[in-house]
Number of protein chains: 2
Amino acid sequence: MERSIFASAANVSERLEQPPALAISTVIFALRPSESSGRPTLWLPLVRRIREPFKGLWALPGGPLMQSQSLQDAAATNLADTTGLAPNYLEQLYAFGGLHRSPSQRVISIVYWAMVQPTEAALAQESDNVRWFRADGLAELAFDHNQIVDYALWRLRNKMTYGSIAYHLLGETFTLAQVREVYEAVLNRTVDPANFRRQLKQTAHIEATDEFLQGGKHRPPRLYRYTGEPNAENSGSPPSIS
Amino acid sequence: MERSIFASAANVSERLEQPPALAISTVIFALRPSESSGRPTLWLPLVRRIREPFKGLWALPGGPLMQSQSLQDAAATNLADTTGLAPNYLEQLYAFGGLHRSPSQRVISIVYWAMVQPTEAALAQESDNVRWFRADGLAELAFDHNQIVDYALWRLRNKMTYGSIAYHLLGETFTLAQVREVYEAVLNRTVDPANFRRQLKQTAHIEATDEFLQGGKHRPPRLYRYTGEPNAENSGSPPSIS
DNA sequence: ACAAAAGTGTTTTTTTTACACCCATGT
DNA sequence: ACATGGGTGTAAAAAAAACACTTTTGT
């Protein structure tokens, strides 16, 4: 099994029988104010393809897998190169291995998805070939990346409905209303503030600070802090995975 | 493919090494009567390693990835080779890519998990190098396959708690009590028959036949049939994934 | 003083759980 | 007829949703 795997696959007419290429890609989510309403919405960074196939189209940030990196490390590197940020949350999404995902060579992409905080650093990274887009209503992307983004969105929403991962899209401290806004932005529906507050207070890994957010128009809300592991998924995985 | 942003990272020392090997493995679950109690329990087939590393230890069935096969097809082939059965349910589990999973070469395993029906065919397939084991309390397996089985078990239990996938471990028709037994075996706790019945009746994709299971000691229970797609997960995935 | 969001309390509704009870069949 | 699992009914408990109301700040 784990050695000479490709020995038996020797009779197809393809050139040289090179094994499928392995790539790592990452769907990176961050919160940014909508241009129109100003309310926070989901955005993700894409990179422009500078060669064929799909030259000129936008695609998920990705790259080859280095021998010295674990899959997760590769995705984190990927993320840092694109956004300049360290991931606040990083999880494997899926291994996409359809036969004709790439028109030329067969490519198997192990895709991760991540959440990062909306720092100014994210803005600074924008260039002609790296740009942020709203997560919904994307134009046609390269390869099967539209499907991948859809799946990542589905997973994000799913985890958010029963799981406490919304904090990973926020900064160090945050108000409960901000958490609620994340839910409303991601799940695309309104949430009752009173009930939401109670639910959050029941969940673990969230701790009240003794500070309040100043500068608002009204009564200053208390700030809270997330105390769980930076990259821990409170609902969705076994102890440890390599 | 998407190596644009990685042009700079290409000068590491280990350059000319062969790329990581790609393997497909499958965790196959089936229901079999326990030796002791006779009640249905979870079993899975393992194959004995006939070469180093881990020669002699038991491992998950796995094999190379043919160029002409999609990942899912490769897993299905895998499954047929080991059990002689067609999968009743097949889903990608995870891509394991830790650096030192295999002592010799670096191997990235894309692992699927499956459910098959407890047919006699399964028994016939047993040989000296293929054997079924109880899913819990496995001995030490080759590579990181213990972890992988644990994760697959976790996923199976998770999907079963909110999702209707138990049918895939049963035959064409089944009684509601049999479905309940599956739940009890997998989740390892008792379930109230009355409430369980009601919950099932609410879910879709389950249809009453006009037949009854004869030959029992008591009142013959009605037989039901699963009407969903053979391989569809009613809770856990987007439309289609390649 | 007033508007508006922060935060608390209470009621209503829905879902889950527990369990009493009748039904049908083999022995 | 009786023991046993199949199947139905119903009430208690818990969780979720709806909504009235009080508090605190900026203007």
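Here is the naming used below: chain letters follow the sequence lines, and residue numbers restart at 1 for every chain. These values consider heavy atoms only, across backbone and side chains, with no hydrogens, waters or symmetry-generated copies.
- When each of B/Lys217 and B/Arg222 is assigned the nucleotide of DNA chain D with its nearest heavy atom, B/Lys217 is the one assigned upstream, toward the 5' end.
- When each of A/Asn195 and B/Asn195 is assigned the nucleotide of DNA chain C with its nearest heavy atom, A/Asn195 is the one assigned upstream, toward the 5' end.
- When the nucleotides C/dT8, C/dG7, D/dG6 are ranked by their closest atom to the side chain of A/Lys201, C/dT8 comes out on top.
- If you check C/dT17, D/dG6, D/dT25 against the side chain of A/Pro220, the one that comes closest is D/dT25.
- Note on ring orientation: taking the six-membered ring where Trp is involved, the planes of B/Tyr226 and B/His168 are perpendicular (angle over 60°, cut-offs 30° and 60°).
- With rounding to whole Å, B/Phe212 atom CZ is found 7 Å from D/dG7 atom P.
- In the model, A/Tyr183 has no side-chain atom that pairs as donor or acceptor with a side-chain atom of A/Glu181 under 3.5 Å.
- Atom CH2 of A/Trp132 sits about 8.0 Å away from atom CD of A/Glu126, to the nearest 0.5 Å.
- The pair B/Glu184-B/Arg189 does not meet the salt-bridge criterion, since no charged nitrogen lies less than 4.0 angstrom from a carboxylate oxygen.
- One atom, CG of B/Leu223, and another, P of D/dG5, lie 18 Å apart when rounded to the nearest Å.
- Atoms CD (A/Glu181) and C1' (C/dA5) sit 11 Å apart, rounded to a whole Å.
- To the nearest angstrom, P of C/dT15 lies 19 Å from CZ of B/Phe196.
- For the pair A/Tyr224 OH and C/dG7 C1', the computed distance is 9 Å after rounding to whole Å.
- Using a 4.0 Å heavy-atom distance criterion, A/Ala194 is classed as a base contact.
- In this structure, A/His218 atom NE2 and C/dA3 atom P are separated by 11 Å, rounded to whole Å.
- Summarising the geometry, the separation between CD on B/Gln178 and P on D/dG7 is reported as 11 Å, rounded to the nearest angstrom.
- Mapping B/Gly215 and A/Arg198 onto DNA chain C via the closest heavy atom, the residue that lands nearer the 5' end is A/Arg198.
- Toward the 5' end of DNA chain D, the nearer of the two residues A/Gln214 and B/Ala177, judged by each one's closest nucleotide, is B/Ala177.
- An OP1 or OP2 oxygen of C/dC23 is reached within less than 4.0 angstrom by no side-chain nitrogen or oxygen of B/Arg219.
- One can place CG of B/Leu213 at 13 Å from P of C/dT25, the figure rounded to the nearest angstrom.
- Between the side chains of B/Thr175 and B/Arg222, no donor-acceptor pair of N or O atoms lies under 3.5 Å.
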